[in-house]
Amino acid sequence: MLHRKRLLRRGERARCTRCRAPLYRGGAADLNRVVALTLGAALVFLIAQFFPIVALEVNGLHSSATLLGAIAVLWSEQMQVVAAMVFFFTILFPAVELGALLYVALGLRAGVLAPGLHRVLRAVQAARRWGMTEVLMIGILITVIKMTSLAHVVPHPGLFAFGALTLLLALVLAVDPKALWDLADDMAPRPPPRRSYAALLASGAALLPCHACGLVTPVAAGAGRARCARCGCALHRRRPDSVNRTWALLIAAMILYVPANLYPVMYTRTLFGIENDTIMSGIVFFWNSGSKGMAAIIFIASIVVPMLKLAVLTLLAWTAQRRSRWRPQQRTRLYRLVEFIGRWSMLDIFVVTLTVALVRFQALAVITAGPGALAFGSVVVLTMLASMQFDPRLIWDPIDAEPQLPHGEAHV
């Protein structure tokens with residue numbers, strides 16, 4: 001839906017008049033606040049990475065783990081794909097977001113446009129979709145509770161640093177990169193279009209929105225590959241082969257979902273033998289040990305959420321392929337729900353990562369990752385990619401043959 005943009009007061013938010021999606025917030029970005037929050041989060045991020053999270057003590061034996069150390073243990077046990085997932089989602093992508101945001105904000109605060117500003121801001125948006133620090137924090141808490149029944153748990157600075165980092169990143173996420181693009185435009189204004197948008201629409205031109213910076217760019221009918229006039233991102237009326245790609249990723253995720261639940265995610269080797277732990281057996285362990293709340297969290301994140309994602313994405317792809325007009329608003333909300341909950345399925349993988357790194361008592365017990373962890377992590381990544389490939393505009397195509405400029409403005 002195409003809307004006329006208007007200035008809003010600070011605290012106001014514009015929403016789409018049709019599907020109620022948030023469009024933009026009022027007020028300019030406070031660069032001093034952005035720099036302070038980002039710099040503080042970056043410093044806490046370094047502490048969280050290099051200091052131990054917790055330590056275990058059993059019969060005089062001691063074991064501690066950092067996040068980097070846990071990733072190294074997975075790598076050494078031939079679980080390189082799982083180790084790479086954890087590294088990207090908990091270290092690389094949050095680091096890219098913080099570094100890129102700080103780079104741009106410092107330049108704007110000094111009154112200059114940092115070189116490569118548009119590409120860097122696009123990197124911020126891409127990294128946000130994959131950063132999972134808050135999911136990791138819940139995984140750390142679940143691991144600590146689980147370990148209390150096996151050993152004496154000693155908290156270390158990394159635990160508190162991750163807690164602070166989760167709160168700071170929640171504040172950093174409130175910074176909309178599109179507001180920084182607006183500040184950059186104020187410093188280096190772009191020439192206005194020669195014709196009004198209404199005139200361009202009447203002439204047959206298409207107004208394509210950029211999903212990176214939000215700018216609406218007129219593209220003449222029959223023109224070749226178009227790019228955003230501001231950030232250079234490729235523009236598409238609809239994502240190419242959106243439904244086919246979504247189906248391919250969904251089918252792959254459905255196939256892997258079976259071994260993800262049947263195969264062990266962990267092997268526990270003790271003096272009494274080897275015990276296999278699946279996702280469901282971990283849920284049963286917490287339930288029987290009295291931690292029913294934790295059992296419910298793991299059940300929802302590891303069982304309910306993946307099944308919900310698969311079911312919803314299947315419904316969206318099927319109805320879009322059939323060009324169904326059935327309940328477009330509800331289907332749009334379902335799509336937003338899948339986008340929001342997609343990352344939380346990685347909770348079980350983070351618990352496995354920390355548990356494997358902590359339980360390294362060679363004389364008593366050693367825990368190693370199993371093939372179920374690889375399959376389950378792949379399911380999470382595939383379903384997230386499927387939701388990214390699906391173009392939600394396909395939901396509304398059967399209802400609006402051509403986009404029209406509404407008489408009203410976005411709801412505030």
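Here, residue 1 is the first one in the sequence, and each next residue gets the next number.
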task: Could you tell me how the ring of Tyr335 sits relative to the ring of Phe390: parallel (under 30°), tilted (30 to 60°) or perpendicular (over 60°)?
output: tilted

message: Could you check whether any side-chain heavy atom of Met307 comes within less than 4.5 Å of a side-chain heavy atom of Tyr257, counting everything from C-beta outward?
response: yes

query: Any cation-pi pair here, Lys292 with Phe286, using under 6.0 Å and within 45°?
result: no

- prompt: Which class fits the ring pair Trp181 and His118: parallel under 30°, tilted 30 to 60°, perpendicular over 60°?
  reply: parallel

task: Mind listing the closest non-hydrogen atom pair of Met187 and Leu108 along with its distance?
output: CE-O, 3.1 Å

query: What's the shortest heavy-atom distance between Ser63 and Ala357, and which atoms?
result: OG-O, 3.9 Å

message: Using side-chain heavy atoms (C-beta onward) and a distance below 4.5 Å, is Leu141 in contact with Val144?
response: no

- request: Taking all heavy atoms of Ala105 and all of Leu31, pick out the closest pair and write down the distance.
  value: O-CD2, 4.4 Å

- prompt: With distance as the sole criterion, is a donor-acceptor pair present between the side chains of Asn261 and Thr278 under 3.5 Å?
  reply: no

query: Of all heavy-atom pairs between Ile349 and Gly377, which one has the smallest distance, and what is that distance?
result: CD1-N, 3.9 Å

message: Looking only at the side chains, is there a donor atom on one of Thr332 and Trp396 sitting less than 3.5 Å from an acceptor on the other?
response: yes

query: What pair of heavy atoms forms the shortest contact from Val243 to Ala317, and how long is it?
result: CG1-O, 3.9 Å

- prompt: Looking at side-chain heavy atoms only, is the closest gap between Ile53 and Thr143 below 4.5 Å?
  reply: no

message: Between Phe350 and Ile140, is there a side-chain heavy-atom distance shorter than 4.5 Å?
response: no

task: Indicate whether any N or O donor in one side chain lies under 3.5 Å from an N or O acceptor in the other, for Ser387 and Glu339.
output: yes

